[in-house]
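Note sheet for the following structure.
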Amino acid sequence: MTKSELITRLAARFPQLVTKDAELSVKMIIDAMAKSLSKGQRIEIRGFGSFDLNYRPPRIGRNPKSGEKVKVPEKYVPHFKAGKEMRERVDYKIKNSK
């Protein structure tokens, strides 16, 4: 699902919301999540999952075009882990759709 699909579904589910209000709501939530992650904080949404940062140490990589060695600096990358309820719901849907 894309951000625009989420906005459309949110506006359709709640008719009292104008599409612009739904768009603003989704943007504010995503901005708040990005801000929290950039501060190194963990985000947990009960029944959905959690977002955290994984540390990737510096390493030597290769340029795929030239094959030359390239230093890849250390970095933190966002990581999502689905919650138990989310995993169960997805698993149930997949098993029953076959």
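Computed from a predicted structure; not experimentally measured. The analysis underlying the following values was restricted to heavy atoms, covering all of them including side chains, and did not include hydrogens, waters or symmetry mates.
With rounding to the nearest 0.5 angstrom, the NZ atom of Lys81 is 14.5 Å from the CZ atom of Phe48. For the atom pair CZ of Phe51 and CD1 of Ile43, the computed distance is 6.5 Å after rounding to the nearest 0.5 Å.
Here Val72 is tied to no hydrophobic group at all, with no ILVMFWY side chain closer than 4.5 Å.
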Side-chain donor-acceptor pairs of residues 18-29 under 3.5 Å, sequence neighbours excluded:
from  : atom 1 : to    : atom 2 : distance (Å)
Ser25 : OG     : Asp21 : O      : 2.9
Lys27 : NZ     : Asp31 : OD2    : 2.8

Which atom pairs, one a donor and one an acceptor, fall under 3.5 Å between side chains of residues 7-14 and the rest of the protein, sequence neighbours left out?
from : atom 1 : to   : atom 2 : distance (Å)
Thr8 : OG1    : Ser4 : O      : 2.9

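Counting only residues at least two apart or on different chains, the side-chain hydrogen bond (donor to acceptor under 3.5 Å, both in side chains) pairs with a member in residues 47-58 are Arg42-Ser50, Tyr55-Glu74. Screening residues 17-44 for ring pair (Phe, Tyr, Trp, His ring centres under 6.0 Å) gives no qualifying pairs among residues at least two apart or on separate chains. Within the structure, the ring pair (Phe, Tyr, Trp, His ring centres under 6.0 Å) test picks out no pair touching residues 19-47 (sequence neighbours left out).
In this structure a side-chain-to-backbone donor-acceptor pair under 3.5 Å is present from Arg62 to Gly67. In terms of modelled atom types and a separation under 3.5 Å, the side chain of Arg59 and the main chain of Lys71 share no donor-acceptor contact. At least one donor-acceptor pair under 3.5 Å links the side chain of Glu5 to the backbone N or O of Thr2. The main-chain N or O of Tyr92 is found under 3.5 Å from a side-chain atom of Asn96 such that the two form a donor-acceptor pair.
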